[in-house]
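What follows is a short report on a single structure.
Chain A is the first sequence line, chain B the second, and so forth, proteins listed ahead of strands; every chain is numbered from 1.
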Amino acid sequence: MYAKVIVDVPAKQTNRAFDYEVPASLTKWVEVGSRVGVPFGPRVLQGFVVELHADTQVDVKRIKPILNVLDLVPPLTEELVMLGRWVSRMYLCHEVTALQAMLPAALKAKYERMIGVGEESGEQALLEMSDLQEIVRFVKSKGSVSMDALMERFASEGALIKQLLSAGILTEEQKVKDRMNTKKALTVFPPAGGLGLEEALLELPARANKQKDVLRYLLEHPHAIRLTALMETIEVGASTVKSLADRGWIELREVEVMRDPYAGRAFARTKPLPLTEEQTGVFTEIRDAVAAERNEVFLLHGVTGSGKTEVYLQSIQQCLDMGKEAIVLVPEISLTPQMVERFKGRFGDLVAVLHSRLSNGERYDEWRKITRKQVKVVIGARSAIFAPFTQIGLIIIDEEHESSYKQEESPKYHTRDVAVQRAKQQNAVVVLGSATPSLESIELTKRRRDREKPPFRLLTMRERVANRPMPPVAIVDMREELKNGNRSMFSRSLYKAIEDRLQKKEQIVLLLNRRGYATFVMCRTCGFVSSCPHCDISLTYHQSSRMLRCHYCGYAEREVTQCPSCQSEHIRHFGTGTQRVEEELSKIFPGIRVIRMDVDTTTEKGSHEKWLTMFREKQADVLLGTQMVAKGLDFPDVTLVGVIAADTVLNIPDFRSAERTFQLLTQVAGRAGRHEKQGEVFVQTYTPEHYSVQYASQHDYIAFANHELDIRANLGYPPYQRLILVTFSHESVPLLVRSAEAFVTRLKEIAMEYSTKQMDLFANVVSMDSSFHMDVLGPVASPISRIKDRYRFQCVVKYRGEDQAADIVGRTVAWFEERSAKEKLQISVDVDPQYLM
DNA sequence: AGCACGCCGACT
DNA sequence: GTCGGCGTGCTC
C-alpha cells in the first residue's frame with residue numbers, strides 16, 4: 001500500500017504529492033487526511049496524506065516509508081482535503097498552505113533534532129581532544145539533547161559537532177512534533193467502591209487528622225477528583241494526599257483535561273421564541289431546504305433588529321433534529337460573550353466556540369471537541385468554515401458583507417465563497433445574513449443564466465421585532481457649521497443632543513472611523529509630515545507612549561517638538577483620533593464619563609468585553625470608538641448615536657468606499673433605540689449629498705444597491721467583472737518596473753494561448769469568446785509604494801466569465817517565479833481582493 | 001524551504 | 001595543494 005503525501009514545504013517545486021509506502025504496522029492508522037512524518041531528502045518533515053492506493057506499483061524509482069502517524073484521529077477529512085485542493089487552485093496558493101490553514105495553530109509542525117551519543121566510541125584521535133570530550137560528556141549527561149540546546153551551549157563549535165555526527169560519535173534523530181501539548185492535571189483515584197479505605201483509616205496514627213479527612217471524604221465520594229479540587233474542598237495540602245498515594249491506598253496520576261474557556265459559566269437554557277409572521281416565512285424556506293437536504297444558498301436581507309439570530313437558532317435546531325451539524329460564522333469583532341451565550345443557551349454543550357481571543361491551547365481543545373464528535377454546532381470566526389464536521393446540514397454566515405471574511409494572508413480566501421463550495425461538497429444549505437448585503441451576493445440573487453434560476457435566493461425581513469421604527473437619521477452638513485463659525489468637531493445639533501442625553505442620563509455611542517484617518521504629525525510652518533523611513537506611510541502618534549509608530553513595520557521614534565526639516569516649533573499631531581475626541585468631550589462637558597475603544601485600548605485579552613460590560617452597567621455616558629462599536633452591540637439605554645465624520649471612509653480611493661460608507665452608517669444607525677426608548681442618529685459629513693449618505697439616512701438598502709450596481713456595471717467593477725491583484729516588491733525600482741512589465745506582457749501572451757480570437761492590442765484587452773474577457777491594468781506603483789524598504793508595484797487583472805483567469809495568472813506566476821527567483825523578487829497574488837492596495 | 005553537490009578564489 | 005564561496009537542482 002502506498003500513500004500520496006503533500007509535504008510541509010510551501011514552495012513551487014514541492015507543490016505536488018509525493019509517494020510513500022505505508023508500512024504494514026501503520027495501515028490501521030494511515031487515512032486520507034492523516035498527518036504523518038516522512039523522510040524527505042536528508043530531513044524528516046510533516047506531511048498530509050491526500051490519497052491512498054492499495055496497489056504497490058509506483059512509478060518512482062525508490063519509495064521511502066511513512067515513519068509515523070501524528071494523530072489518533074486524522075485532523076482532516078477526505079472532504080476537507082478536497083476543499084484544500086479547491087482553495088489552492090482558486091486562490092493560487094500552495095496546497096500545503098491551504099491544508100495548514102484548516103488546522104488550529106497548535107497542530108503546526110515543530111521539528112526537533114535530537115542528539116544522542118553513538119554506540120561506537122569513534123576514532124580515538126578525535127576523542128582525545130578536550131573540547132570534544134566536553135561536548136560528548138554534556139550530551140551523555142542528559143541522555144539526549146535537542147540540536148538547538150546543544151548549539152546554544154557550544155555556540156562556537158558548530159563545525160566540531162558536525163564532525164562528531166558524521167563520525168558517528170554523536171547520533172541524530174529527527175522528530176516531528178506538535179506545537180501543542182494537551183493539558184494534564186493530577187487526579188486522585190480512590191479504589192473502586194472505596195475498598196480498603198476503612199482499613200486504611202484505622203491504620204493511620206491518631207494525629208494524622210488531615211489524611212483521615214481525605215480518606216473520609218473519598219469514602220463518601222468514591223470517584224475520581226482533580227487534586228486541586230480536592231485540596232480546595234477539604235483544605236488539605238498536596239503532600240497529605242501524596243503520602244496516601246505513596247502508601248498505595250489511593251492512586252494519583254496525570255489525566256488529560258480539556259481547557260474550557262467557558263468552564264464554570266452556567267448558560268441559562270432558552271427556548272425557541274415565537275416568530276413573527278415575517279420570520280416564520282423566512283424560517284420555513286430555510287427549514288424546508290435543510291429538511292430536504294437541498295444544496296441551496298439563501299441571502300437573508302434583514303434590517304437591523306429584525307431578529308435574524310432567532311431564525312438562525314431555529315434553523316440550526318432543524319438541522320440537529322436530523323442528526324446533522326451546523327457551522328455559524330460571525331465576524332471576529334461581533335463574537336462577543338453575549339453572542340456565545342445565545343448559542344450556548346439554546347444548544348448547551350453541543351456548541352464549540354472558535355475565536356482568536358482564545359489561547360492556542362483553548363482553541364485546540366475546542367477544535368478537538370469537533371473531531372471527537374462531542375459537538376454538533378460550531379460558532380466561530382473565518383477559519384471555523386474548516387471545522388472538521390462530516391455531516392454538515394447548514395452553514396450560516398452572519399454579517400456576510402464584512403470584509404474581515406477575506407483572509408489577508410495566504411491562502412487569501414473569502415469565507416463566503418469557501419462556504420458555498422463546501423456546502424456543495426456536503427450538500428448543505430447556506431444562509432448569508434446581513435442588513436446590508438454585499439453587492440456580490442445581491443447580484444447573485446438577480447443573475448439569470450440560460451433562464452435558470454439565480455444562484456442565490458433572496459429572503460427579506462423588513463420589519464424590526466415588536467415593530468420598533470428605524471431611528472430617524474439626521475445628516476449634518478459640516479461645511480455649514482464651518483461657515484457659521486463652528487470649528488469644533490461637534491456640530492451644534494450633535495452638541496445639543498449630547499447635552500440632552502447627559503441630562504436624561506441616557507447613553508451615547510460616538511463613532512469615528514480611524515481607517516485612513518490616523519493621527520499623524522505635521523509641521524504647520526513647512527508642511528513636513530513625519531513618515532516611516534522604511535515604508536511609504538506617515539507615522540501614527542500614540543499618546544500613551546508619546547511615540548510615533550509605523551503601522552506596517554513597527555518602527556517607532558520619540559515624539560518631536562521641533563520640525564526636523566525647518567526647525568519650526570509649530571509641530572503638532574493632526575487628524576481626529578479617538579484620543580482627541582475624548583479630550584474635546586471632556587473639555588466641553590466637564591465630568592463626562594467616556595469609554596474609549598480602539599486598537600490602543602483593546603489589545604489586552606478580555607479588555608474588549610470589559611469595556612462593554614462597564615458601558616452596559618452604565619458606568620459611562622459615552623462609548624467612543626472606531627468601527628468596533630458599530631457591530632452587533634445592543635444596549636437598551638443608548639438613545640443617541642453620532643458619527644463624527646462620515647466622509648473618512650468615503651474618501652478612501654477604492655471602488656468599494658461608497659458601499660463601505662453605506663454599510664457603516666446603516667450599522668451604527670441600527671445601534672440606536674433597539675428597545676423601548678426611541679433613538680436618534682446624527683451623521684456629520686462634508687458631502688451630505690452623496691448617495692451613500694442619503695440612502696443610509698433613508699434606511700433604503702435596495703435603492704442604494706441598485707444605484708451602486710449601475711455604477712459598477714458601467715465601470716466594469718465587481719460584481720460584474722472580477723479582479724485579481726498582483727503585487728511585486730523589490731528594493732530596486734528599475735528592476736521592479738522591468739519585471740512587472742515583463743509579467744504583464746507574458747500574462748497577455750499566455751491569455752492568447754487560451755484565446756480563440758485575436759488580441760485587440762489597441763484596446764489592451766483580450767477577448768476570447770463572448771463569455772470571457774480580460775483586461776490588465778498597470779503595472780503602477782502600489783498605493784503604499786514601499787513597505788520595509790521594499791518598493792511595491794501592482795497590476796490588476798480584470799475579467800469576466802469563467803475561472804480560466806486564475807489558471808492564466810497562475811501559469812504566468814509560475815513562469816515568473818522560475819526566472820526571477822534568484823533576484824529575490826517577491827510576487828503576491830490576491831484573487832477577489834477586498835482592498836486594492 | 002533546506003540541503004548537498006559542484007566548480008572557481010585566498011589561504012596553509 | 002585545500003577550505004570554502006554560494007549557484008543549481010532535487011526531494012517519493
Side-chain angles (χ1 to χ4, degrees), chain A residues 1-27 30-70 81 85 88 92-101 103 108-115 126 146-148 150-151 156-168 170-177 179 409-411 729 735 813-829:
Chain A
M1 184 152 89
Y2 78 96
K4 289 202 172 286
V5 174
I6 303 275
V7 293
D8 186 21
V9 182
K12 181 179 156 281
Q13 308 219 55
T14 48
N15 189 28
R16 62 192 177 87
F18 289 83
D19 298 323
Y20 285 90
E21 189 206 318
V22 182
S25 59
L26 295 181
T27 47
V30 177
E31 292 173 51
V32 171
S34 292
R35 269 190 324 150
V36 292
V38 290
F40 194 67
R43 14 179 216 156
V44 174
L45 291 179
Q46 184 201 72
F48 294 94
V49 176
V50 292
E51 276 175 52
L52 272 178
H53 295 271
D55 47 327
T56 41
Q57 283 204 317
V58 188
D59 48 345
V60 179
K61 284 156 251 156
R62 52 184 195 288
I63 182 164
K64 291 182 182 175
I66 289 173
L67 300 177
N68 56 336
V69 180
L70 297 171
V81 168
R85 187 160 300 165
S88 70
L92 298 170
C93 72
H94 302 119
E95 211 167 325
V96 69
T97 311
L99 296 175
Q100 214 77 258
L103 301 179
K108 216 160 178 250
K110 190 169 110 187
Y111 297 102
E112 211 168 46
R113 302 169 65 182
M114 293 301 289
I115 308 298
L126 269 175
S146 77
M147 187 64 157
D148 291 345
L150 192 64
M151 290 302 261
S156 53
E157 315 283 10
L160 268 175
I161 293 171
K162 253 188 188 159
Q163 267 185 43
L164 287 171
L165 280 168
S166 58
L170 293 182
T171 56
E172 182 190 357
E173 193 192 354
Q174 294 188 41
K175 277 189 176 159
V176 187
K177 283 182 143 186
R179 202 160 284 255
E409 308 97 60
S410 185
S729 76
L735 178 74
V813 171
W815 165 86
F816 185 85
E817 279 177 334
E818 227 157 82
R819 65 185 280 284
S820 65
K822 46 186 172 289
E823 287 163 318
K824 289 196 281 182
L825 235 151
Q826 273 177 24
I827 181 168
S828 124
V829 183

A:Arg85: which residues meet the side chain to side chain contact (heavy atoms under 4.5 Å, CB included) condition with it, sequence neighbours left out? A:Val50, A:Glu51, A:Arg89, A:Glu95

Who passes side chain to side chain contact (heavy atoms under 4.5 Å, CB included) against A:Ile827, sequence neighbours left out? A:Val726, A:Phe728, A:Phe743, A:Val813, A:Phe816, A:Glu817

Give the rounded distance in Å between these two atoms: [atom1] of [X] and [atom2] of [N].
| X | N | atom1 | atom2 | answer |
| --- | --- | --- | --- | --- |
| A:Lys12 | C:dT8 | NZ | C1' | 14 Å |
| A:Asp19 | C:dC12 | CG | P | 11 Å |
| A:Lys108 | B:dA1 | NZ | C1' | 12 Å |
| A:Lys64 | C:dC12 | NZ | P | 4 Å |
| A:Glu51 | C:dC12 | CD | C1' | 14 Å |
| A:His94 | B:dG2 | NE2 | P | 13 Å |
| A:Arg16 | C:dT11 | CZ | P | 8 Å |
| A:His53 | C:dC12 | NE2 | C1' | 13 Å |

Exam field: side chain A:Tyr20 to backbone A:Leu67, donor-acceptor pair closer than 3.5 Å: no

Can A:Phe40 be said to stack with the base of C:dT11, given centres closer than 5.5 angstrom and planes under 30 degrees apart? yes

What nucleic acid atoms does A:Gln13 come within less than 4.0 Å of, heavy atoms only: base, sugar-phosphate, or nothing? base

What distance separates A:Lys64 NZ from A:Asp19 CG, expressed to the nearest 0.5 Å? 13.0 Å

With rounding to the nearest 0.5 Å, note down the distance linking CD in A:Glu409 to OG1 in A:Thr97. 12.0 Å

Would you jot down, in residue-number order, the residues of residues 42-49 of chain A having a non-hydrogen atom under 4.0 Å from DNA chain B? A:Pro42, A:Arg43

Would you call the rings of A:Phe18 and A:Phe40 parallel, tilted or perpendicular, where under 30° means parallel and over 60° means perpendicular? perpendicular

